[in-house]
Engineer: 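Sharing a structure here in structure tokens format.
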Amino acid sequence: MKILVLGADGYLGWATCMYFSQRGHEVMGVDNYFRRYASIELDCEPLIPIPNLVQRAQLWRDLTGKRVEVVIGDVTDYNLLLDLFRRHQPEAVIHYAEQPSAPYSMIDREKAALTIQNNLLSTLNIAYAVKETNPACHIIKLGTMGEYGTPNIDIEEGWIEIEHKGKKDTFLFPRQASSLYHTTKIQDTDLLWFYVRTWGIRVTDLMQGPVYGLSTEESAIDERLIPLFNYDEVFGTVLNRFIVQAVAGYPLTVYGRGGQTRGYLNIKDTMQCVYLSATQPPQAGELRIFNQVVETFSVNELAEKVKTVGDRLGYQVEIKTIPNPRAEKEEHYYNPTYTGLLELGLQPHYLTEDVLAEMFRVVGQYKDRIHRGAIFRGVSWK
Ligand code: USQ
């Protein structure tokens, strides 16, 4: 297949380019380096120095003989995006080209505006580019479990049937996000659902939980191919942060009561989920939604797991509860359904002590690069 990966330089983007390329697909990857520039601006650069996207594509070619074509550009520029669709003629487009951080979106009005502008315009442009060039092209958009929030009922896989005054209909599952970033993801879903109904395009929306991990099958070929790994408060996800904190001797930053429960997955499973979605597309005129998680944990449970493994490895891991800078429920019911991707063939990698120990091993090699000042700054929701 011809695959277009938007947001190809990010944590998931480059790993996805390699995953498809390794399996014989023709990949074009596009990125505007937003995440790299924002990490410099906020002084929270990734733990491991990573060659830029052009260099990584060259390295991939040298090591494997396979070509990933890369373009440095901004997909909110419609003419640029349209040109890329015409040149590459993708059968599937994978949309990661979003501002992905909840804390970033809450820093100030400018960053909120950038998040809205970037996330909604990129999604709109993709829908238009697909309609203009090839309405059969499958849009795979990375959504987020955070769109559903933490309702006091079971979370269905995207849709819910509602009976009201004796009549029934099926609707998108109710959404109630707890950050501006997550709110833009709800709006993305709504945009695409509108164009699915109106133009009959085909879309898969992957409601992903927080991802963890530092390696994929392909990055194991050479450490310079490793994913862009942030551990700071703005761009780092909670488990990745906890491992780095444990290695740095920084008390694990459990926000509030620590009962916040989410669905998690290993970056290796993100690769599988996106691949399974691309190779088994939905029908034209369908918005297919999968909940992309493989197990659920509370923040306290994650902290305890990291402490158990860290202590065993000789790190003296301390857990410290700090006032929650976010506005979110700290004790709540959480029971999402996540069977769709398993039915497509997902083989989950669960969070075992061995997986944690391997993360400790890699992070430990870069201990001297940990910038303690980036770990917690208290970006407040209030
Ligand atoms: N948390 C802590 N301590 C920390 C960092 C986070 O207790 O040091 C808590 C948060 O308050 C939250 C939970 O851990 O309750 C998860 O936080 P996170 O920063 O790992 O995840 P989040 O901000 O929700 O966002 C991340 C990704 C985002 C993705 C989302 C999936 O950055 O792109 O959409 O995970 S989900 O959480 O399911 O919405």
Side-chain angles (χ1 to χ4, degrees), residues 7 10-13 34-35 38 44 95-107 115 118-119 141-151 155 175-186 188-189 205-213 228-246 248 250-265 267 270 273 290-304 306 319-332 334 336 338 374-381:
Y11 179 48
L12 306 176
F34 161 77
R35 172 87 159 250
C44 59
H95 180 21
Y96 297 133
E98 302 219 2
Q99 191 299 94
S101 159
Y104 184 92
S105 73
M106 302 300 293
I107 290 176
T115 305
N118 181 80
N119 294 3
K141 183 199 65 122
L142 198 73
T144 169
M145 288 297 288
E147 293 184 36
Y148 304 123
T150 50
I155 296 174
R175 276 95 39 85
Q176 42 188 358
S178 64
S179 80
L180 187 271
Y181 151 73
H182 287 98
T183 301
T184 63
K185 304 293 285 191
I186 293 176
D188 277 348
T189 300
D205 204 347
L206 296 171
M207 302 296 171
Q208 187 172 244
V211 182
Y212 61 85
L228 200 104
F229 181 84
N230 283 93
Y231 60 92
D232 59 278
E233 176 185 332
V234 175
F235 290 113
T237 48
V238 62
L239 181 58
N240 289 349
R241 281 167 57 63
F242 281 178
I243 302 278
V244 173
Q245 292 169 4
Y250 192 108
L252 307 191
T253 52
V254 170
Y255 293 169
R257 281 184 281 169
Q260 303 93 307
T261 303
R262 303 285 183 267
Y264 290 84
L265 81 166
I267 187 170
T270 299
C273 292
F290 293 126
N291 293 344
Q292 188 162 305
V293 303
V294 304
E295 53 196 331
T296 62
F297 300 108
S298 68
V299 173
N300 286 329
E301 285 169 333
L302 288 179
E304 285 300 335
V306 170
I319 298 174
K320 189 172 167 194
T321 295
I322 55 177
N324 197 339
R326 305 184 181 197
E328 61 183 355
K329 289 183 201 152
E330 295 172 3
E331 300 286 351
H332 57 87
Y334 199 66
Y338 42 91
I375 291 178
F376 185 75
R377 292 174 183 160
V379 175
S380 171
W381 263 228

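In each ligand, atom 1 is the first atom listed, and ligand 1 is the first ligand listed.
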Engineer: Does Tyr264, backbone or side chain, put an N or O under 3.5 Å from an N or O of ligand 1?
Structural biologist: no
Engineer: Identify the protein heavy atom lying closest to atom 9 (C) of ligand 1, giving its residue, its atom name and the separation to 0.1 Å.
Structural biologist: Val299 CG2, 3.7 Å
Engineer: Specify the protein heavy atom at minimum distance from atom 28 (C) of ligand 1: its residue, its atom name, and the distance to 0.1 Å.
Structural biologist: Pro100 O, 3.5 Å
Engineer: Does an N or O from Ser101, backbone or side chain, lie closer than 3.5 Å to an N or O of ligand 1?
Structural biologist: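 In fact, backbone or side chain, Ser101 has no N or O that close.
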Engineer: What part of Tyr181, side chain, backbone, both or neither, has a heavy atom within less than 4.0 angstrom of ligand 1?
Structural biologist: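 Answer for Tyr181: side chain.
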Engineer: May I ask you to identify, for His182, whether its side chain, its backbone, both or neither come under 4.0 Å of ligand 1 on a heavy-atom basis?
Structural biologist: side chain
Engineer: Any non-hydrogen atom of Phe376 lying under 4.0 Å from ligand 1?
Structural biologist: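 Under 4.0 Å: no for Phe376.
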Engineer: I want to confirm something. Looking only at heavy atoms, which of Arg326, Met106, Gln208 is nearest to atom 23 (O) of ligand 1?
Structural biologist: Arg326
Engineer: Quick one: list whatever passes side-chain hydrogen bond (donor to acceptor under 3.5 Å, both in side chains) with Tyr264, sequence neighbours left out.
Structural biologist: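 Tyr264 satisfies side-chain hydrogen bond (donor to acceptor under 3.5 Å, both in side chains) with no residue once adjacent residues are dropped.
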Engineer: Evaluate Gln245 for polar contact with ligand 1, using N/O atom pairs at a separation under 3.5 Å.
Structural biologist: no
Engineer: For Pro251, give me all partners under side chain to side chain contact (heavy atoms under 4.5 Å, CB included), at least two apart in sequence or on another chain.
Structural biologist: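 Listed in chain order: Glu318, Lys320.
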Engineer: Closest non-hydrogen protein atom to atom 3 (N) of ligand 1, residue and atom name please, with distance?
Structural biologist: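 For atom 3 (N) of ligand 1, the nearest protein heavy atom comes out as Thr253 O, 2.6 Å.
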Engineer: Below 3.5 angstrom, do we get any N/O pair linking Val238 and ligand 1?
Structural biologist: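 In this structure, Val238 places an N or O atom under 3.5 Å from an N or O of ligand 1.
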Engineer: Heavy-atom distances under 4.0 Å decide this one: backbone, side chain, both or neither, for Thr237 against ligand 1?
Structural biologist: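 Both of them.
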Engineer: Taking N or O atoms only and a 3.5 Å limit, does Pro103 qualify as a polar contact for ligand 1?
Structural biologist: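 In fact, backbone or side chain, Pro103 has no N or O that close.
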